[in-house]
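For reference, positions follow the sequence shown, starting with 1. When a ligand or atom number is given, it counts from 1 through the structure's own listing order.
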Amino acid sequence: MKKVGIVMGSKSDLPKLEKAIDILKRFEVPYEIHVFSAHRTPAEARDFSVNARKNGFGCIIAAAGMAAHLAGALAANTTIPVIGIPINASSLGGMDALLSTVQMPSGIPVATVGIDGASNAALLAIEILSLCEETLAKKLDDERKVNAEKVLNADSEVAMG
Ligand code: RP5
């Protein structure tokens, strides 16, 4: 199975990625975690991205806050899918990172999830890998059923008062 790369711009972003890590573990998806900064370690970020496909990665999750160029910088150097997580790390509440991550120029896509949207980033990464992994497709279906069950139970509870 291909790996998911989780890259964050700073170790200070790590707590915001725990949900993604938990989900990848639960789905038994192999992953690697790195700290590379588009601004502070641009050469290392580039090397990771340039070699990602040949190193067995199926997609990259890139999380960064503030003037968040990490996801775009990684996407510029690879044609495997890059999922961007804008991190709330400043007085602007993550809007700075959201706009920096989502507003990519044509030709270099970044699939951007919501601010601090680590869960959806992991699920989207698994959905991408599931195109070639039937076991993951089945686990995703099971997950959706469990989630639907929770909402239906909540509906029953609320309706009964
Ligand atoms: C971004 O700046 C990082 O992704 C982080 O969200 C933010 C602050 O980084 P530190 O100053 O905590 O290293 O590059």
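In this structure, of A38, G9, G65, the residue bringing a heavy atom nearest to atom 1 (C) of ligand 1 is G65.
When only interatomic distances are considered, the shortest N/O to N/O separation between S12 and ligand 1 falls below 3.5 Å. Here's the thing with A89: none of its N/O atoms is less than 3.5 angstrom from an N/O atom of ligand 1.
Using modelled atom types, one side-chain atom of D116 and one backbone atom of N88 make a donor-acceptor pair closer than 3.5 Å.
Contact annotation: the side chain of I85 never approaches that of M8 to less than 4.5 Å [non-hydrogen atoms, C-beta and beyond].
Tracing side-chain contacts under 4.5 Å through hydrophobic residues (I, L, V, M, F, W, Y), one never reaches L98 starting from M66; they form parts of separate clusters.
Remark: F57 pairs with F48 by the ring pair (Phe, Tyr, Trp, His ring centres under 6.0 Å) rule, at least two apart or across chains. In this structure, D155 has no salt bridge (Lys or Arg N to Asp or Glu O under 4.0 Å) partners at least two apart in sequence or on a different chain.
Each of K150, R26, K138 was scored for a salt bridge (Lys or Arg N to Asp or Glu O under 4.0 Å) with E143, with one residue passing: R26.
Atoms of ligand 1 found under 4.0 Å from any heavy atom of A64, numbered from 1 in the order shown, are 4 (O). Within the listing of ligand 1, atoms 3 (C), 4 (O), 5 (C), 6 (O) sit less than 4.0 angstrom from a heavy atom of D13. Close approach of ligand 1 to R40 (heavy-atom distance below 4.0 Å) involves ligand atoms 9 (O), 10 (P), 11 (O), 13 (O).
Considering only non-hydrogen protein atoms, atom 7 (C) of ligand 1 sits nearest to M66 SD, 3.9 Å. Atom 10 (P) of ligand 1 has its closest protein heavy atom at S10 OG, 3.4 Å.
The closest approach between any non-hydrogen atom of M8 and ligand 1 is not below 4.0 Å.
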Could you walk me through whether N51 and K54 pass the side chain to side chain donor-acceptor pair (under 3.5 Å) check?
CA-CA 6 Å; N51 295 309; K54 86 166 158 49; 3.1 Å; yes
